[in-house]
Amino acid sequence: MGFLNSTLDTLYQRHLELSNKVDWGYHRLLPWERGRNFIDEPWNENQGTISPELTMAVETAMLTEINLPWFTTGLQAVFADAPSALKHFIHTWTREEDQHARILDVYLLLSRNGDPDMRDHIRKNVIQAGWQAEATDPFAMMIYTSLQELATRVFYLNLARAAEAQDPVLTTILRAVAKDETLHYAFYRDAAKAYIEEDPSRIATVCRVIPRFVMPGFGMPNFRQRLKVIAQYANYGVKDYYHSVLRVVLEFWGILQYDVSSSTKDARQTLDRYLSKLGRVAQRETAQA
Ligand SMILES: [Fe+2]
Ligand SMILES: [Fe+2]
C-alpha cells in the first residue's frame with residue numbers, strides 16, 4: 001500500500017503542476033460583446049449563429065457537465081476511505097470542472113443559440129434528477145472515470161473541429177475545456193494503472209466495469225436523438241468511442257495482454273464479447289460515414 005500511496009501522491013502533484021500551467025478563466029474566453037437583454041429583445045430561432053446540430057451538441061455537453069454537484073457528491077462518497085491523494089484530487093477536479101457547464105451555457109446565451117427558456121427548463125430538471133454513482137469501490141470508479149474523461153476529451157476536440165468553420169470563439173472555448181479533460185484522464189488512467197500493477201487480479205474488475213459504461217448524461221431528454229446528431233454532425237459516435245477511447249485505455253493498461261488466470265477468465269470473456277459487438281457497430285458506422 002505504501003508504494004501505491006506514494007505513486008498516487010506523485011500523480012496528484014503532477015496534476016497540480018500541469019493544471020496550473022493550462023489554467024484558464026471563463027471570463028476571458030466568452031464573447032461578452034455579443035450579449036443582449038432577453039426582456040427587451042426576446043429570443044427567436046433566427047438569431048442563432050451556429051447550426052442547430054452544433055447547438056444541440058454544445059447543449060448536450062452543458063447538460064452533462066451541469067450535474068457536477070452530484071458527481072462530486074458521488075465521488076466523495078466512493079473515495080471516502082481511499083488514499084488521501086484521491087480525496088485531494090476530487091477537490092481540485094471539482095474546481096476545474098466547475099467552469100465547464102458555465103462557459104458553455106453562457107456562450108449559448110450570449111450567442112443566442114438555442115431556446116434559452118427551453119434550456120433553462122431542461123437544465124433544472126437534469127439537476128433535480130441528479131446522478132447516482134455506478135461503482136461503489138474506488139478502483140472500479142477510476143475505470144469508469146478514466147473512460148469518461150477520455151471520452152469527453154475526444155468529444156470536445158472533435159466538436160471543436162466541427163465548430164471551426166462556424167465560430168472560432170466556440171472552437172477556442174471547446175479546446176480550453178478539452179485541456180482540462182486531458183489532464184483528468186491522465187490522472188485517473190495512471191492511478192488505475194498503479195492499482196492494476198499492485199494487484200493484477202483487479203483486471204477482473206476492469207473487464208466487468210467496461211461493458212456497463214454509459215455516459216453520465218444518459219438521463220436527459222432525447223438522449224438517443226442527441227447522440228445520433230452528435231455522431232453525424234460533431235464527429236463523435238460509437239466508432240470514435242471504440243477506437244479513440246476504449247481501445248486506447250485498454251492498450252495503455254495492457255488489459256488484453258495479461259495472462260488470464262482462472263479467476264479472471266469469465267470476466268475476460270464478457271469483455272471480449274462486448275468488444276467484438278461494439279467493434280461491429282463501429283465498423284458499420286465507419287462504412288456509413
Ligand atoms: Fe468537464
Ligand atoms: Fe473532466
Side-chain angles (χ1 to χ4, degrees), residues 18-38 40-66 68 95-120 122-123 148-186 215 217 220 225-237 239-241 243-245 248 289:
L18 293 173
S19 77
N20 282 335
K21 273 189 202 149
V22 304
D23 189 32
W24 53 277
Y26 74 100
H27 62 290
R28 286 186 225 113
L29 301 183
L30 283 162
W32 299 106
E33 69 286 356
R34 297 190 208 166
R36 276 122 69 205
N37 184 326
F38 284 104
D40 299 333
E41 199 183 326
W43 179 83
N44 73 66
E45 58 190 340
N46 299 325
Q47 297 166 341
T49 54
I50 58 174
S51 70
E53 293 81 11
L54 192 55
T55 300
M56 186 186 242
V58 175
E59 192 185 271
T60 303
M62 185 279 284
L63 292 171
T64 307
E65 301 268 8
I66 199 75
L68 182 65
R95 168 182 90 179
E96 289 156 9
E97 291 287 348
D98 174 61
Q99 50 179 6
H100 293 180
R102 195 183 322 217
I103 196 169
L104 299 176
D105 199 17
V106 178
Y107 166 82
L108 291 170
L109 290 171
L110 291 173
S111 60
R112 297 206 166 219
N113 287 297
D115 182 341
D117 290 315
M118 173 100 84
R119 196 166 53 244
D120 181 66
I122 300 174
R123 196 186 65 238
Q148 202 261 327
E149 297 288 353
L150 180 56
T152 48
R153 169 187 200 266
V154 174
F155 165 76
Y156 282 122
L157 289 178
N158 290 4
L159 192 58
R161 231 186 322 121
E164 258 167 9
Q166 297 186 43
D167 187 350
V169 170
L170 176 58
T171 301
T172 304
I173 288 173
L174 295 168
R175 293 209 169 115
V177 178
K179 273 187 197 164
D180 289 352
E181 311 297 15
T182 304
L183 297 184
H184 298 160
Y185 162 60
M215 283 300 278
M220 76 179 71
Q225 173 62 16
R226 288 172 185 276
L227 292 188
K228 259 192 209 159
V229 169
I230 289 169
Q232 207 178 339
Y233 297 94
N235 314 317
Y236 189 85
K239 68 175 179 4
D240 304 280
Y241 175 69
H243 292 292
S244 308
V245 179
V248 172

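Everything numeric here is computed off the predicted structure, so don't read it as measured data.
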Problem set entry | CA sep, side-chain torsions, deciding dist, call: E97, E149, side chain to side chain contact (heavy atoms under 4.5 Å, CB included) | CA-CA 11 Å; E97 291 287 348; E149 297 288 353; 3.7 Å; yes
For this session: Carefully, step by step, assess R175 and E164 under the rule salt bridge (charged side-chain N to carboxylate O under 4.0 Å, His left out).
Result: CA-CA 11 Å; R175 293 209 169 115; E164 258 167 9; 2.8 Å; yes
Exercise. Under the side chain to side chain contact (heavy atoms under 4.5 Å, CB included) criterion, do V248 and Y185 qualify, and how do the steps go?
Worked result: CA-CA 12 Å; V248 172; Y185 162 60; 4.0 Å; yes
Exercise. Run the side chain to side chain contact (heavy atoms under 4.5 Å, CB included) check on W24 and V177 step by step: do they pass?
Worked result: CA-CA 9 Å; W24 53 277; V177 178; 4.0 Å; yes
For this session: Kindly determine whether E53 and Q232 satisfy side chain to side chain contact (heavy atoms under 4.5 Å, CB included), including the steps that lead there.
Result: CA-CA 9 Å; E53 293 81 11; Q232 207 178 339; over 6 Å; no
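In this structure Y107 satisfies the ring pair (Phe, Tyr, Trp, His ring centres under 6.0 Å) test with no other residue, sequence neighbours excluded. Considering only residues two or more places apart in sequence or on other chains, D105 meets the salt bridge (charged side-chain N to carboxylate O under 4.0 Å, His left out) condition with R119, R123.
Annotation: the span from M220 atom CE to E59 atom CD amounts to 9.0 Å, rounded to 0.5 Å. Separation of atoms OG1 (T171) and CD (Q166) is listed at 9.0 Å; rounding is to 0.5 Å. Here L174 contributes atom CG and E181 contributes atom CD; the two are 11.0 Å apart, rounded to the nearest 0.5 Å. In this structure, OH on Y156 lies 3.5 Å from CD on E65, to the nearest 0.5 angstrom. Here I103 contributes atom CD1 and I173 contributes atom CD1; the two are 4.5 Å apart, rounded to the nearest 0.5 Å. Atoms OG1 and CD1, from T60 and I230 in turn, are 4.0 Å apart once rounded to the nearest 0.5 Å.
Pairs engaging residues 40-64 under the ring-ring contact (aromatic ring centres under 6.0 Å, His included) rule: none recorded [sequence neighbours left out].
Checked options L159, T49, N113; the residue passing with L54 is L159 (criterion: side chain to side chain contact (heavy atoms under 4.5 Å, CB included)).
Contact detail for P31 and L110: the closest heavy-atom pair is O-CD1, 3.6 Å. A pairwise comparison of heavy atoms in R34 and S111 identifies NH1-CB, 3.7 Å as the closest pair. In plain terms, the two heavy atoms of A234 and A162 that are nearest each other are CA-CB, 4.1 Å. Residues E96 and D180 come closest through the heavy atom pair O-OD2, 3.8 Å. Closest non-hydrogen pair, D117 versus D115, comes out as N-OD1, 3.0 Å. The minimum heavy-atom distance linking A163 with L170 is given by the pair CB-CD2, 3.9 Å.
Ring-plane geometry between Y26 and W32 is classed as tilted, the angle between the planes lying from 30 to 60 degrees on a 0 to 90 degree scale.
Within 6.0 Å of the NZ atom in K239, the count of heavy atoms belonging to other residues, nucleotides or ligands exceeds 12. Around CD of Q47, the count of heavy atoms belonging to other residues, nucleotides or ligands within 6.0 Å exceeds 12.
Using modelled atom types, one side-chain atom of R112 and one backbone atom of R36 make a donor-acceptor pair closer than 3.5 Å. For D98 (side chain) and R95 (main-chain N/O), no donor-acceptor pair under 3.5 Å exists by modelled atom type. Looking at E45, its side chain never comes within 3.5 Å of a backbone N or O of P52 through a donor-acceptor pair.
With 3.5 Å as the limit, one finds no donor-acceptor pair spanning the side chains of Q148 and H184. No hydrogens or angles considered: a donor-acceptor pair under 3.5 Å links the side chains of T182 and R153.
Between F38 and P116 there is a side-chain heavy-atom pair separated by less than 4.5 Å.
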